[in-house]
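I have placed the structure first, in the form of structure tokens, so that the comments after it can refer back to it.
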Amino acid sequence: MFSISRSDFGPDFTFGAATAAYQIEGGQTDGRGPSIWDSFSATPGNVQNGDTGRDACDHYNRWPADLDLIRDGGFDAYRFSFAWPRLIPEGTGAINQAGLDFYDRLIDGMLARGIKPYATLYHWDLPSALQDKGGWMNRDIAFWLGDYASLIGQKFGDRLHATATINEPWCVAFLSHFLGIHAPGYRDIRAAARAMHHVLLAHGTAIDALRAEGVKNLGIVLNLEKSEPATQSPEDVAATDIGDALFNRWYLDGVLKGEYPEALTGNDFFAQHLPAGYEKDMDVVSRPLDWLGINYYTRGLYKSAPEQLGFPIAQAKGDLETTEMGWEIYPQGLTDLLVRVSNDYTKIPLYVTENGMAEVEGDSDPRRVDYYEAHLKAVLNARAAGADVRGYFAWSLLDNYEWAEGYNKRFGLVHVDYATQARTPKASFRAFQGLLHNTK
Ligand code: IFM
């Protein structure tokens with residue numbers, strides 16, 4: 001049980017649970033086209049145990065029971081993502097009616113249960129046909145995403161409570177094109193620089209397309225970290241500034257100020273690879289938003305690494321307790337980030353759109369209960385300090401496909417037995433249930 005009460009958050013605060021299409025849906029035989037994650041995960045060495053999202057949690061068929069869990073947990077909202085290749089198998093052009101029908105059923109199922117739909121257009125499952133044309137390295141992706149956004153607006157827009165364009169653009173761009181850890185697995189500075197700009201240009205283009213269709217309540221979901229120096233040495237502090245620019249400021253400054261941080265635009269190693277004339281796109285990149293989503297898991301601890309070209313930084317190992325992902329548990333970082341965004345960037349409503357931890361398998365998860373309680377308190381502290389935080393979404397409703405980590409890393413409030421697809425609520429689910437039912 002949590003020691004906090006729902007009333008501490010005020011009457012209008014939204015509690016939700018989050019998932020993403022590729023991580024839970026399965027159901028790949030209804031006309032859905034291939035995505036970059038299908039081929040990336042099929043390539044030996046990319047994903048632990050060679051796991052793929054082919055079956056995942058079979059949410060494609062089991063969605064009614066999963067929505068029942070959200071309702072029974074007392075959650076107000078469900079944050080889910082549309083699978084682009086399920087709706088437009090080739091990324092552009094022909095539409096898959098079975099895909100439209102699936103999301104019709106899913107959204108109507110939420111509304112019938114009194115659950116508010118919080119949608120994300122893009123949570124990493126890029127249609128392979130678009131990767132064949134260069135994917136996020138190709139500027140045309142702004143128009144491809146824009147057309148896809150128009151379709152979502154036309155078919156579902158009037159039933160969505162809130163819509164985000166992109167989930168975690170840092171992962172879409174840097175993790176996937178410079179660090180090579182996620183699909184398409186590039187390790188290339190030019191690919192990364194181009195993807196870093198195009199992902200935000202596509203975001204702004206999708207905002208325009210959604211607005212043109214009359215869709216309300218639009219935002220983006222950024223993954224942010226609390227960047228801290230390993231020591232107070234000038235070198236480590238300087239490394240932290242670059243780390244913060246790469247992880248946080250590129251996206252915050254771009255989307256909310258219409259500029260990119262000087263730490264990167266003034267870095268020759270990096271800046272020479274940006275698309276020529278990117279400055280002219282910054283108005284689109286920074287289209288006004290109705291809300292900002294922040295995904296928070298941990299801090300980034302930096303030390304100087306002068307031997308490294310371009311970005312002379314390295315991650316240091318901290319001494320805080322860690323989750324099964326090896327990520328340090330640091331609730332204060334969430335308070336600090338929310339207050340920073342509120343003070344330095346924007347007064348639009350903020351939502352914690354993901355927060356949670358991977359834990360060893362089982363339905364007894366006391367460490368996760370503590371993790372959630374500490375981070376919910378961190379949200380309360382941020383609100384007390386003036387940040388306008390309107391909601392909190394637990395990641396994740398279900399144990400699911402944790403990308404390059406496969407099924408081994410479990411983030412769910414609900415345990416999934418992948419052999420039988422049986423769902424078993426964990427203690428953390430019951431803790432939310434206690435919090436949310438008590439004061440409703
Ligand atoms: O599982 C992911 C999710 O898809 C995006 N945010 C972080 C989660 C945990 O790694």
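Read the numbers this way: they start at 1 and go in the same order the structure lists the ligands and their atoms. Numbers for residues simply follow the sequence, beginning at 1.
For D365, the salt bridge (charged side-chain N to carboxylate O under 4.0 Å, His left out) criterion is met by R368, not counting sequence neighbours. The ring-ring contact (aromatic ring centres under 6.0 Å, His included) search around F13 returns F9, F15, not counting sequence neighbours. Listed by chain and number, the residues in a ring-ring contact (aromatic ring centres under 6.0 Å, His included) with F178 are F174, F311 (sequence neighbours excluded).
The line from NE2 of H161 to CD1 of I107 is 14.0 Å long, rounded to the nearest 0.5 Å.
When ring centroids are compared, Y118 and F80 stay outside the 6.0 Å threshold.
At a cut-off of 3.5 Å, with distance as the only test, a side-chain donor of N167 or N295 sits close to an acceptor on the other residue.
For a heavy-atom separation below 4.0 Å, the residues in contact with ligand 1 are Q23, H123, W124, N167, E168, Y297, W327, E354, W395, E402, W403, F411.
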